[in-house]
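Letters A, B, ... mirror the listed sequences (proteins, then strands); counts begin at 1. Since the model is a prediction, treat every value here as computed from it, not as a measurement.
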Amino acid sequence: RWRYVEMPVCLLVSEDDSHKPIQLHPQQPVTLGRGPQTKIKDKKCSREQVELRADCSRGFITVKQLGVNPTSVDDVVVGKDNQVTIKPGQRLYLVNQQYPYRVKFTEDTSTPRSAADLTTPSKRPHQMIREKIKSPANPASTPHTDHHRMSDDSPPPKKTLPSESDKSILVFQGSAGHWSQGLKVSMQDPKMQVYKDDRVVVIKDKYPKARYHWLVLPWDSISSLKALRSEHVELLKHMQRVGDQMVQQCPDAHKLSFRLGYHAIPSMSHVHLHVISQDFDSPCLKNKKHWNSFTTDYFVESQDVIAMLEHDGKVTVKDGTSELLKLPLRCCFCHKEQPTIPKLKEHLKTHLPS
DNA sequence: GTTCTAGAAC
DNA sequence: GTTCTAGAAC
């Protein structure tokens, strides 16, 4: 059956609020250990004891032991540099069978920020994500019509009684997230938003391919360029205006040039306008696909998309566009071919503003 | 989309 | 031997 739910979020929550919830972003590893974040002072626990990674689409978390002393899942020691998964019901002990955490699947939306969002009058229905709950595959997040609170869940049986400050719960919210839906999650996250109005929101690209790289997204869910029609022209013009504003407020706008456009065949769902500075000076630019997606006709200028929409009532992508990603690496300024990405990056420095 | 890694390229 | 990429896995 169908239900409105928040997009999946993964939080590391201290049960007694001894430390603030730590959000685990899908596929972005989080390192955890002794330190102010966990309030753990035990020297046996490394400052980088474990690396946690949330796999939203499959509904589990992987833990890698980085520290020397044993991290364990239930009573099985992970072992240094080894990696195991934590599934619902299992307990993670950061070190020496101490500092237990628990994996828990929930559709809980009672976290302060989400609760505020849900009750804010301006929150419009289309800002909620409609998704199907797959009951058999996801037993822990099923049929609760009412929001259940974390504190309502009975604590797991304990052999040894840790002090109250040691108790924490690893909360995994939702499970129907897939990497291609990541923009829908990010655009709803106030921490990611750098601008918003009644029609659009701007976020920083999570893996910027240049010094400045923003994404302008409409609140209205438009899956891709293919779904665009004449009625969207005004929206797209607004997106471009907002993109131009982002450039204007950029402290380096005077020395960098920018391009505004769309990927002809984007990987991520939900129409998004790239606003990207043309330095391409970023450690996240790593391969041929990255380069060619911004420097060939794979990158379609915003104004061209708008013109096409005004002229034809729809946006079409030329045949063979996907092959553009495999073209040799060519400098976008002097058009000199470069043999490898590292050589290209070295070459690009010669075009940087001095 | 990113990460990881085998094996190609050097 | 190291660097780098392409494709699989996620």
Atom-pair distance ([atom1] on [X]; [atom2] on [N]), nearest Å:
X	N	atom1	atom2	value
A/Gln181	B/dG1	CD	C1'	11 Å
A/Leu215	B/dG1	CG	P	9 Å
A/Ile61	C/dC10	CD1	C1'	15 Å
A/Lys326	C/dT5	NZ	P	16 Å
A/Lys286	B/dT2	NZ	P	8 Å
A/Leu325	C/dA6	CG	P	12 Å
A/Tyr298	B/dG1	OH	C1'	11 Å
A/Asn287	B/dT3	CG	C1'	11 Å

[N] phosphate, OP1 or OP2: any side-chain N/O from [X] under 4.0 angstrom?
X	N	result
A/His290	B/dG1	no
A/Lys343	B/dA9	no
A/His178	B/dG1	no
A/Lys288	C/dC4	no

Is the backbone N or O of [Y] less than 3.5 Å from a side-chain atom of [X], with the two atoms forming a donor-acceptor pair by type?
X	Y	value
A/His290	A/Lys286	yes
A/Gln249	A/Met246	yes
A/Gln97	A/Thr71	no

Which listed nucleotide (C/dC10, C/dT5, B/dT3) is nearest to the side chain of A/Leu329?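 Side chain of A/Leu329 sits closest to C/dT5.
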Side chain of A/Pro342 only, heavy atoms from C-beta on: which candidate in C/dC4, B/dT2, B/dG1 is closest?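 Among C/dC4, B/dT2, B/dG1, the one nearest the side chain of A/Pro342 is C/dC4.
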Salt bridge or not between A/Asp42 and A/Lys44? Use side-chain N to carboxylate O under 4.0 Å.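 So A/Asp42 does not pair with A/Lys44 through a salt bridge.
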Heavy atoms under 4.0 Å, any strand shown: does A/Ile341 hit a base, just sugar-phosphate, or nothing?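 Touches sugar-phosphate only.
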Classify the nucleic acid contact of A/Ser180 as base, sugar-phosphate or nothing, counting any heavy atom under 4.0 Å across all strands shown.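 Counting heavy atoms under 4.0 Å across all strands, no contact is made by A/Ser180.
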Do A/Leu285 and A/Lys345 come close enough that some side-chain heavy atom pair is under 4.5 Å?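 Side-chain contact under 4.5 Å: yes.
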